[in-house]
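Input: a single structure, listed below in structure tokens.
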Amino acid sequence: MRTFDYVTATDVTTALRTVAERPGAKFLGGGTNLVDLIRENVERPDVVVDVTRLPLTGIDELPGGGVRVGAGVRNSALAAHPLVRTRYPVLSQAVLNGASAQLRNMATVGGNLLQRTRCPYFYDTASPCAKREPGSGCGALGGITRDAAILGVSEHCVATHPSDMAVALAALDAVVEVESIRGTRRVPVLELYRPPGDTPHVETVLERDELITAVELPAADAAPRSRYRKVRDRASYAFALVSVAAALRLDGDTIVDARVALGGVAPLPWRAAEAERLLVGAPATEETFARAAEAELAAATPQHDNAFKVELARRTIVATLRELQEHAAAGSAA
Amino acid sequence: MAEVRLRVNGADRRLDIPPQVSLLDALREHLGLPGTKKGCDQGACGACTVLADGERINACLALTVQYADREITTIEGVDHPLQEAFVRHDGFQCGYCTSGQICSAIGMLAEHKDGMPSAVSEDPAAEGEELTDEEIRERMSGNICRCGAYNGVVEAVAEVVR
Amino acid sequence: MTSTHNTTREPVVGAPVDRVDGPAKTTGAARFAAEHDLAGLTHAALVTATVSRGRITGIDTSAAEALPGVVAVLTHHNAPKLNPPKRVSPVNMSTMVSGTQVNYLNTDEVHWDGQPVAVVVAEHSHAAREAAALVEVTYERLPATVDFAAELPNAVLDKGNMLMPTGAKKGDADAALAAAPVVVDSEYSTPQHHHNAIEPHATTAVWHGDELAVHDATQNMAWLRAHLALRFGVPEAKVRVLAPFVGGGFGGKGFAWPGVILAVLAARATGRPVRLSLTREDVYRTVGARTPSTQRVALGAGRDGKLTALVHTAVTRKSPVGGQPEPAVTPANHLYGAANIRTGQSSVTLDWIPNTAVRAPGDAIGSFALESAIDELAYELGADPIELRMRNEPERNPIDGKKFSHRMLREAYELGAHRFGWADRSPEPGTTRDGRWLVGTGVATAYHPQLRLTANVTVRLAADGSVTVRSGLHEIGVGAATVQAQIAADALGVPFDAVHVECGDSALPEGAMAGGSMQTSSVAASVLAACRKLTRRLDTLARRSGTAGRTPAEIVAAAKVPYIEAAVGSDTRIGKAAGQARFMARTARDMRRWQKAACGAHFCEVRVDADTGEVRVSRWTGAFDVGRVMNRKTAVSQLRGGIVMGIGMALTEEAHVDPRSGRIMNPSLSGYHVPVHADIPPIDIAYLDEPDPTMPLGLLGIGEVGITGVAAAVANAIHNATGKRLRDLPITPAKLL
Ligand SMILES: Cc1cc2nc3c(=O)[nH]c(=O)nc-3n(C[C@H](O)[C@H](O)[C@H](O)COP(=O)(O)OP(=O)(O)OC[C@H]3O[C@@H](n4cnc5c(N)ncnc54)[C@H](O)[C@@H]3O)c2cc1C
Ligand code: SF4
Ligand code: FES
Ligand code: FES
């Protein structure tokens, strides 16, 4: 772990200016990812700017019925908030399925969105990795890629984005509010991340000095049926093999609205647009769910050791949608 | 080097350390409080769990400088019925994960009281669900015990809760 | 024990006594190896090799040395010379303790990916770690053989020894197999497992002239002391190893791995006390693991289920730089009364750090294959798997007809089946469903052979009534001090609280290593013998002073001596040689006479998600024959602990080794998945509590038997739940789709 300067800011402008002025600067949230990566010599900032004391810790209702979540809100506070639990249960569940209670108490919303991949070769400075060191090649390809992505990969990088929270935010069409010394802009979560292409080290559309200040959740329907389902190697405290964030709205037996996003399978939270297209307007049946899942995964390009993820994703999508449909049926019967 | 002032177990402590020093190393190496354990230094085991203003955190991923104005409680500052319950129910063997299990359980009980849901809570919107054994297990999953004393830990926590 | 003094109190042996170290461990007061503060203490960090075989061509330490706070950077260029490890010799068992035969930092050769090539010493750990990352090493890579699967065709039959036989034969198993009406013939595989004790290996070392004191996370103080004396060229008497608390071992701390050697080396080179606390990654790379294996079990049976042929062969991994083969096939020599048996063990040699013992070496993985195969045969025959086992339950040791010292497997199955409700099971796979879960149950046999070491002990009875037991015992979580205090209290007829056990220090009479489930029984035998001597002395004193019938304290006080003491064994060179000779003689005699083992029956219920293949263990009963139980509380915990680790082995644990480089790619607790709270249901433990007549107090070791058979019970339950037979561990969702 290299040494670095630590700067704490209590107002956004100071934080922004410090990072803009010092090219080796990074924002520091809860530190649960950045501190780990600095210790492993993967990240090498020369100054970290602590943004946890900025006034970005509110969760507020917006006039149109949406909710605005400050970027400094801790993961646990987000999951526990009544507005989130009642209107966006999928988000609360996604957060609670990630990491451990201790880590959720530390981690911030901004940091969670920008946490980096858990690809083992990315973490191992003795291995080549184009994400860590542009141009060095990919150590994972041809090696151990059991946890690698199957959708949206490139020949330069097959790493997944590890966040659970981001998958729920992708399903909810959340919008990220970003600020820099140049001003403020809004970026939909779905446009925040960049596929690896031939620049796997460029992971988002954000500039180095742009601070995430908030996440906005659009107004949700009344009593939305949504669910986060995470499949992992053990019952808790593990990253996803595959996860599904889904919401269904039915009119009788017909699907009138569907949201499906996938985690653990792509370099970014994967919105399953093709699946959604096939779901909407179709009857809420097992066949529909299976057809939608298959269509979404038709483009999958697994590695030699993770083809199981294609089948696992297919089944998890179907199971999650079935569960939502059964809940809906039970709800309307009651 | 930076001068950092900390509140640990009710006492004011001062130390000169560079910013990369974790709260865990500050406690163990610089403040003579090795009761908090290091099992991985990566947030992956929970042995380093301490309480910051009553909230459980992993001290290994916490930069000391970031916790300068928080009230830190380590096992050395804990006086709680859980400790005897752990002995009665044999909630440990080697004892290396134990400080973390106890601090974590204290934080967990407070979270539950405040209405924090968990991944196994039936309905995330429902308030005040009962702390079943299943809930205890999920909520304590951030504390690994390689000796496998999990049953004893759950029994000890359940005894204190009920 | 007949005695004239007053012993009218309830025995504490067998009672659920709280651990004596409970308060220390629940208040943070217990000090582990990295927690001893010494004046002038420095902190060390390792630099490990990133090639599997090669030669160091350059080491640039300038950047590391320039970092503020760095005291020294040691490499093979400037490290003090060390004596090389000794070849393993049966005459001196401590020669087995060297993890590898490599003379670290005294050679430019690299033998495995992860071998330490430099040590940084600094004023603080953060500086040491930062500097270690700045050490630049270049290598000449040499061709390396690292891919276990690819090497299997080159496997070579192992030669065993008396303590670790690697193969056996009775009749003509292959001919019987060919002729058998019903045959099951399957291949199984198990991956590399790591101990992952939550305390990473750590050493605090300090030299005073040629005297060395070492606080180390070790399960084996005596052998380590001998080894350090040898390597650093000082008399054993000048070396003191302290280990009052060890944060879990499971075999990983039984041998001397590079960390402890290099900490002592660094302390010698710098003239300062040194603390070396391995990172979790260091533990993965510098401590041996459990070998991967592939195994074949072939069973031939009549339609009546009587086994006519049992073949169990295994291939495991060996290293060119030390270690022992892992005999995975031994359970097949003892479990079933097959008319014909053949077991055999082969190895492939890879450029890897030597394997080491991981909880129940051999038996843990061998029992997975054997106990799965028996379940396959039961299914094939349409027989109940317990009934099939009982039909083949032998009267004498199957391979050689020796007597069992004691064996109550039948009773264990009866007890377990009753508690678990086995009778309600649906034998047809895939027929029990609870919502999204497919539910199934399975059984498997647990089996772990018993050996016993010698241990030296003194017991002192003071005039104030207090009793002090002194022995170099290891408290790695087994409740060692608690149990020996119970034994001494009953043997002397004094209250439990009057007994204090001093342990964890090589300056004490030499105890036994904490390994192979041998420590408790080995020390107990000596404690009992010492207490017998003391009682005789007490009787003499009582007769002389006319205090017969009084308490021991009163008898000693009346004799006007401060204390009386009895010793068993001697720590002199001759005494040790005699101890070793006694051990060899007794072991040989025991092995000729009896087959001695702990055994048990695992009952497991799993739930398998019908869509995703996620497996949850939902219920467990383990019913054991572990001889007489010394402490209900700690025994139950240890048996549970073995089962928990076995559940990890069944479902999640696996090192991911890049077959191209031989490098472990998940050297962390987030990448290597051990069970967490949420994975573990309440585990019901039952035991028969019948003494083994050949063991002290009738007790058998319980540290390892718990893990054996567990993975098979889980796999068998998964088969019952889903109809899928999984023969390749771990059984992840990927394999169940
Ligand atoms: C053992 C372990 C298990 C885990 N398991 C899971 C899991 O199952 N699921 C899951 O989703 N996550 C998991 N995590 C990851 C965890 O969720 C993240 O580490 C955490 O969310 C990061 O938040 P933070 O505030 O600590 O970020 P930091 O570590 O502080 O920062 C992460 C990155 O975000 C940047 N950053 C932080 N805040 C801002 C901001 N406001 N604007 C711009 N940039 C910012 C930092 O510069 C840094 O690059 C696990 C972590 C560990 C250690
Ligand atoms: S997959 Fe991506 S992150 Fe992993 S080694 Fe290759 S380039 Fe690096
Ligand atoms: S030491 Fe902090 S979580 Fe393991
Ligand atoms: S008691 Fe040893 S790790 Fe929990």
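Keep in mind the model is a prediction, meaning the values are calculated, not measured. Chain identifiers are assigned alphabetically (A, B, ...) following the order of the sequence lines, protein sequences preceding nucleic acid strands; residue numbering begins at 1 within each chain.
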If we ignore angles and hydrogens, is there a donor and acceptor under 3.5 Å between the side chains of C:Asn196 and C:Arg280? yes

Flag for B:Gln93-C:Ser637: side-chain donor and acceptor within less than 3.5 Å: no

If you tally heavy-atom pairs under 4.5 Å between each of C:Ser125, C:Gly671, C:Ala197, C:Ser670 and chain B, the highest tally belongs to C:Ser125

I'd like to know if B:Lys38 pairs up with B:Asp25 as an ion pair, taking the criterion as any Lys NZ or Arg NE/NH1/NH2 lying under 4.0 Å from an Asp or Glu carboxylate oxygen. yes

Please classify the contact of C:Ile683 with chain B as side chain, backbone, both or neither, using a heavy-atom distance under 4.5 Å. both

For a quick check under 3.5 Å, do C:His673 and C:Glu653 share a side-chain donor-acceptor pair by atom type? no

Heavy-atom distance under 4.5 Å to chain C: side chain of B:Ile144, backbone, both or neither? both

Less than 4.0 angstrom from a charged side-chain N to a carboxylate O is my criterion; do C:Glu704 and C:Arg359 meet it? no

Kindly state whether the ring of B:Tyr96 and the ring of C:Phe245 have centres lying under 6.0 angstrom apart. no

Between B:Leu82, B:Thr98, B:Ile17, B:Val78, who has the most heavy-atom pairs with chain C when the cutoff is under 4.5 Å? B:Thr98

Taking every heavy-atom pair that is under 4.5 Å apart, which of C:Ile680, C:Val644, C:Thr26 has the most such pairs with chain B? C:Thr26

Looking at chain B, which one of C:Arg31, C:His195, C:Glu475, C:Arg640 has the largest number of heavy-atom pairs inside 4.5 Å, strictly under? C:Arg640

Between B:His89 and B:Glu159: side-chain donor-acceptor atoms closer than 3.5 Å: yes

Whatever's closer than 4.5 Å to a heavy atom in chain B on C:Glu281 counts as neither

Considering only heavy atoms, which portion of B:Asp41 lies under 4.5 Å from any heavy atom of chain C: side chain, backbone, both, or neither? side chain

CZ (C:Arg436) with more than 12 external heavy atoms under 6.0 Å: yes

Test: ring pair (Phe, Tyr, Trp, His ring centres under 6.0 Å). Region: residues 48-84 of chain B. Which pairs qualify, not counting sequence neighbours? none

Residue pair C:His677 / B:Arg137, side-chain donor-acceptor N/O under 3.5 Å: no

Salt-bridge criterion met for C:Lys253 and C:Glu199 (N-O under 4.0 Å): yes

Regarding B:His112 and B:Glu130, do their side chains bring together a donor and an acceptor under 3.5 Å, going by distance alone? no

Residues in residues 44-56 of chain B that sit under 4.5 Å from chain C, counting heavy atoms only: B:Ala44, B:Cys45, B:Ala47

With a 4.5 angstrom heavy-atom cut-off, could you sort out which part of C:Pro68 is near chain B: side chain, backbone, both or neither? neither

Okay, B:Gln83 and chain C: the region with an atom under 4.5 Å from a heavy atom over there is both

Which atoms of C:Thr634 are under 4.5 Å from chain B, going by heavy atoms: the side chain, the backbone, both sets, or neither? both

Got B:Met140 and B:Ser104 here, is their nearest side-chain heavy-atom distance under 4.5 Å? yes

Given B:Glu84, B:His30, B:Glu155, the one with more heavy-atom pairs under 4.5 angstrom with chain C than any other is B:His30

Counting only heavy atoms closer than 4.5 Å, note whether B:Glu134 contacts chain C via side chain, backbone, both or neither. neither

So which part of B:Gln101 gets closer than 4.5 Å to some heavy atom of chain C, the side chain, the backbone, both or neither? side chain

Could you tell me whether C:Arg19 sits above the aromatic face of B:Phe86, with NZ or CZ closer than 6.0 angstrom to the six-membered ring centre and within 45 degrees of the axis? no

Heavy-atom pairs under 4.5 Å with chain C are the metric here; pick the option from B:Gly35, B:Cys40, B:Gly39, B:Ala149 that has the most. B:Gly39

Partner chain B: residue of C:Arg275, C:Gln638, C:His43 with the largest heavy-atom pair count (under 4.5 Å): C:His43

In terms of heavy-atom pairs under 4.5 Å, which option from B:Ser22, B:Ala119, B:Pro18, B:Gly152 contacts chain C the most? B:Pro18

